[in-house]
Amino acid sequence: MTAGVEVSNKNMESIVQDHEKRILALEQNYSEVKKELTIVQTSQSEIKGTLIEEGVKQRELINKQREEMENQRKEQRKEQKEQRKEQKELMDQLISHTLGIKKNNNTKVWELLLAVLGGGGFFYAVIDLIAKNL
């Protein structure tokens, strides 16, 4: 029986040593997993910080572009208003000039008519023509 107990003790020692090896391997693996997990968490924190920072920059750029677009629209409206004002002034000048020409033409026609009729030459020519035909 002592031989059976001895084999059993050797067998038991090998089992215990095998368990010890596996426990050591698990502890090493667990330590490596903890290190990797720490690295992943650190990376995630860095990525989160970068994302927040980039988000803030993008928001600033969007706000800046929005302000620039609003300023451009205001400038365009101002220019359009000035153009309308200038067009109205030019139209008023054109209308007053056109009316002035028509007034001048009417005056010139009356002056010519009065000159022709008032000079007596026309009446004399008509009377002379009538007298010759009679």
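- Among residues at least two apart or in separate chains, salt bridge (Lys or Arg N to Asp or Glu O under 4.0 Å) pairs with a member in residues 29-55 are Glu53-Lys57, Glu54-Lys57.
- Annotation: the span from Glu82 atom CD to Gln87 atom CD amounts to 12.0 Å, rounded to 0.5 Å.
- The shortest side-chain heavy-atom distance between Gln93 and Leu90 falls under the 4.5 Å cut-off.
- One finds the CG atom of Leu24 at 11.0 Å from the CG atom of Asn29 (value rounded to the nearest 0.5 Å).
- Distance OG/Ser14 to NE2/His19: 9.5 Å, rounded to 0.5 Å.
- Atom CD of Gln44 is separated from atom CG of Leu37 by 8.5 Å, given to the nearest 0.5 angstrom.
- For Ile39, the side chain to side chain contact (heavy atoms under 4.5 Å, CB included) partners are Ser43, not counting sequence neighbours.
- You'll find the side chain of Glu89 reaches within 4.5 Å of the side chain of Lys85, heavy atoms only.
- Under the rule for a side chain to side chain contact (heavy atoms under 4.5 Å, CB included), the partners of Arg73 that lie at least two apart in sequence or sit in another chain are Met69, Glu70, Arg77.
- In this structure, NZ in Lys81 is found 15.0 Å from CD in Glu86, a value given to the nearest 0.5 Å.
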Pair Asn63-Glu60, side-chain contact (heavy atoms from CB on, under 4.5 Å): steps then yes or no: CA-CA 5 Å; Asn63 288 336; Glu60 289 173 356; 5.8 Å; no
